[in-house]
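What follows is a set of notes on a single structure, which appears directly below.
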Amino acid sequence: GSSSAPVNPPVSDTTPPTITMVGAEAINHEQGTTYDDQGATASDSVDGAVSVSSSGEVSNTAGVYTITYSASRRHSRASRAPLEPAQRGV
């Protein structure tokens with residue numbers, strides 16, 4: 001007989017990727033100088049190392065700025081955990 005179950009069923013992924021910021025979570029930056037962000041890395045329980053993108057900018061004006069990091073997974077799967085961003089205050 002034949003089975004109706006898929007040969008490779010989707011992997012259930014209930015844990016979001018873990019984003020780890022390189023350097024401190026909060027940074028004091030000298031006004032009037034260029035800010036070079038240290039970035040972040042991410043690891044997913046199914047995909048392993050995954051890509052990280054960032055958004056936000058730090059201007060020359062005194063203030064508090066936020067850089068937000070987001071991770072993306074390589075493969076689409078059923079039962080996926082939500083992707084949670086990480087943030088650095090500058």
message: Checking Thr66 now: which residues fulfil side chain to side chain donor-acceptor pair (under 3.5 Å) with it, not counting sequence neighbours?
response: none
query: Arg88 and Ile27: which non-hydrogen atoms are nearest, and at how many Å?
result: CD-CD1, 3.5 Å
field: Separation of Gln87 CD from Ser54 OG (nearest 0.5 Å)
entry: 12.0 Å
- prompt: With sequence neighbours excluded, what pairs up with Glu57 under the side chain to side chain contact (heavy atoms under 4.5 Å, CB included) test?
  reply: none
query: How would you list all residue pairs meeting side chain to side chain donor-acceptor pair (under 3.5 Å) that involve residues 17-30, not counting sequence neighbours?
result: His29-Thr33
- prompt: Would Met21 and Ile67 satisfy side-chain contact (heavy atoms from CB on, under 4.5 Å), going step by step from the backbone distance to the final call?
  reply: CA-CA 11 Å; Met21 286 181 274; Ile67 306 294; over 6 Å; no
message: My understanding is that only one of Val46, Val52, Val50 makes a side-chain contact (heavy atoms from CB on, under 4.5 Å) with Pro17; could you say which?
response: Val50
task: With sequence neighbours left out, write down each residue that passes side chain to side chain contact (heavy atoms under 4.5 Å, CB included) with Ser59, or none if nothing qualifies.
output: Thr61, Tyr65
message: If I take atom OG1 from residue Thr41 and atom CD1 from residue Ile19, how far apart are they, to the nearest 0.5 angstrom?
response: 9.0 Å
